[in-house]
Enquirer: 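So that we are looking at the same thing, I have put the structure below in structure tokens.
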Amino acid sequence: MRESGEHLSFGVAEAVDVAARRGCLEVVCGSMFSGKTEELLRRMKRARLARQRVQLFKPRVDQRYDAVKVVSHEGANADAVPVGSAAELLETVQADTAVVGIDEVQFFDERIVEVCDTLANRGVRVICAGLDQDYRGQPFGPISLLMAVAEFVTKLHAVCSKCGAQACRSQRLVASEGQLFVGGAAAYEARCRRCFSPGVIEGQ
Ligand code: ADP
Ligand code: MG
Ligand code: ZN
């Protein structure tokens, strides 16, 4: 028979352990330059400080700065595994990984939603960062579905490059067909609702 105090402390320790393995889905979204990558890297760093095993992924389509790193516009960076599909991501997650980060999540197809859900159900904390809107101001890829099923959604804002207000849209500055056009500061500008022209390519 345990002493009642001993029994209690065993119960608390067990509860803490279970809580530590409770999975969830977090979405960090916003326009370009709103600080999504910085915020993702901040959360991953804190998880590492807590000695949790973390894995960071990015879609293989995004080779803007570096094929095996996630890089913010300020230059902050971390090693990342480029994956070609949601299924490949799931296969690459190791059994003892506690936190999975995914940058540029808008470039995955809708199967990423089920993969994030599967991981969260397994006890993994999944943090997805990505654009909420494309250059037309429309929901980008699977992001709206992810936002719907996530426990936590953080919307970040950039500074409008026309008027200095809070920016929630990304204005494309160079002509390119389709939603999937990866580019940095030369190709997109953060704009507020008033200064944004949906789908208009400016600077031509
Ligand atoms: P995101 O991943 O959302 O595109 P990053 O995290 O890569 O954004 O970069 C955010 C950084 O971009 C800011 O800390 C700031 O230094 C820089 N930046 C450049 N232009 C802007 C802007 N118009 N509004 C806000 N931040 C900007
Ligand atoms: Mg980014
Ligand atoms: Zn503006």
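One-based numbering, in listed order, for ligands and for the atoms of each. For reference, positions follow the sequence shown, starting with 1.
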Enquirer: Answer yes or no: does an N/O atom from S72 fall short of 3.5 Å to an N/O atom of ligand 1?
Expert: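 The answer is no, given that S72 and ligand 1 share no N or O pair closer than 3.5 Å.
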
Enquirer: Are E114 and R111 ion-paired here, with the side-chain N under 4.0 Å from a carboxylate O?
Expert: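 No salt bridge links E114 with R111.
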
Enquirer: Between the side chains of E189 and R172, is the shortest nitrogen-to-carboxylate-oxygen separation below 4.0 Å, so that they form an ion pair?
Expert: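 So R172 does not pair with E189 through a salt bridge.
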
Enquirer: In terms of relative ring orientation, are F33 and H73 parallel, tilted or perpendicular, with 30° and 60° separating the classes?
Expert: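 Correct class here is tilted.
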
Enquirer: Show all protein N/O/S atoms under 2.8 Å from the Zn ion (ligand 3), or state that there are none.
Expert: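 Atoms qualifying: C160 SG, C163 SG, C192 SG, C195 SG.
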
Enquirer: I want to know if ligand 1 touches M32 in the polar sense, i.e. an N/O pair below 3.5 angstrom.
Expert: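 Not met; the criterion fails.
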
Enquirer: I'd like to check which ligand 1 atoms, numbered from 1 as shown, lie under 4.0 Å from a non-hydrogen atom of V159.
Expert: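 Answer for ligand 1: 22 (C), 23 (N), 24 (N), 25 (C).
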
Enquirer: Who passes side chain to side chain donor-acceptor pair (under 3.5 Å) against E91, sequence neighbours left out?
Expert: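 Partners of E91 under the side chain to side chain donor-acceptor pair (under 3.5 Å) test: none.
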
Enquirer: Would you mind reporting whether V83 and V81 have side-chain heavy atoms less than 4.5 Å apart?
Expert: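 With C-beta onward as the side chain, the pair touches.
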
Enquirer: Would you say that R60 contacts E88 through its side chain, given a criterion of any heavy-atom pair below 4.5 Å between the two side chains?
Expert: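 Of all side-chain heavy-atom pairs linking E88 with R60, at least one is under 4.5 Å.
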
Enquirer: Can you list every pair that meets salt bridge (Lys or Arg N to Asp or Glu O under 4.0 Å) and has a residue in residues 71-87, with sequence neighbours left out?
Expert: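 Every salt bridge (Lys or Arg N to Asp or Glu O under 4.0 Å) pair that includes a residue of residues 71-87, provided the two are not neighbours, is K69-D79.
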
Enquirer: Check step by step if side-chain contact (heavy atoms from CB on, under 4.5 Å) holds for V70 and N77.
Expert: CA-CA 5 Å; V70 159; N77 67 84; over 6 Å; no

Enquirer: Hey, which atoms in ligand 1 end up nearer than 4.0 Å to a heavy atom of T37?
Expert: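 Close to T37: 2 (O), 6 (O), 7 (O).
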
Enquirer: What atoms of ligand 1 come closer than 4.0 angstrom to any heavy atom of S31?
Expert: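 Listed by number with element: 3 (O).
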
Enquirer: Is the CZ atom of R53 crowded by more than 12 outside heavy atoms at less than 6.0 Å?
Expert: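 Atom CZ in R53 is crowded, with more than 12 foreign heavy atoms closer than 6.0 Å.
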
Enquirer: Would you check whether A158 has a nitrogen or oxygen atom less than 3.5 angstrom from a nitrogen or oxygen atom of ligand 1?
Expert: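 No, no N or O pair falls under 3.5 Å.
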
Enquirer: Report yes if G35 has an N/O atom closer than 3.5 Å to an N/O atom of ligand 1; otherwise report no.
Expert: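 N/O-N/O distance under 3.5 Å: yes.
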
Enquirer: For residues 148-157, run the donor-acceptor check on the side chains, cut-off 3.5 Å, and write out each pair with its distance to 0.1 Å, sequence neighbours left out.
Expert:
from, atom 1, to, atom 2, distance (Å)
E151, OE1, L25, N, 2.8
T154, OG1, R43, NH2, 3.1
K155, NZ, D132, OD2, 2.9

Enquirer: Taking N, O or S atoms only and a limit of 2.8 Å, check whether T37 reaches the Mg ion (ligand 2).
Expert: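 Yes, within the cut-off.
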
Enquirer: So is S34 touching ligand 1 or not, going by heavy atoms under 4.0 Å?
Expert: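 It does, in that a heavy atom of S34 comes within the 4.0 Å cut-off of ligand 1.
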
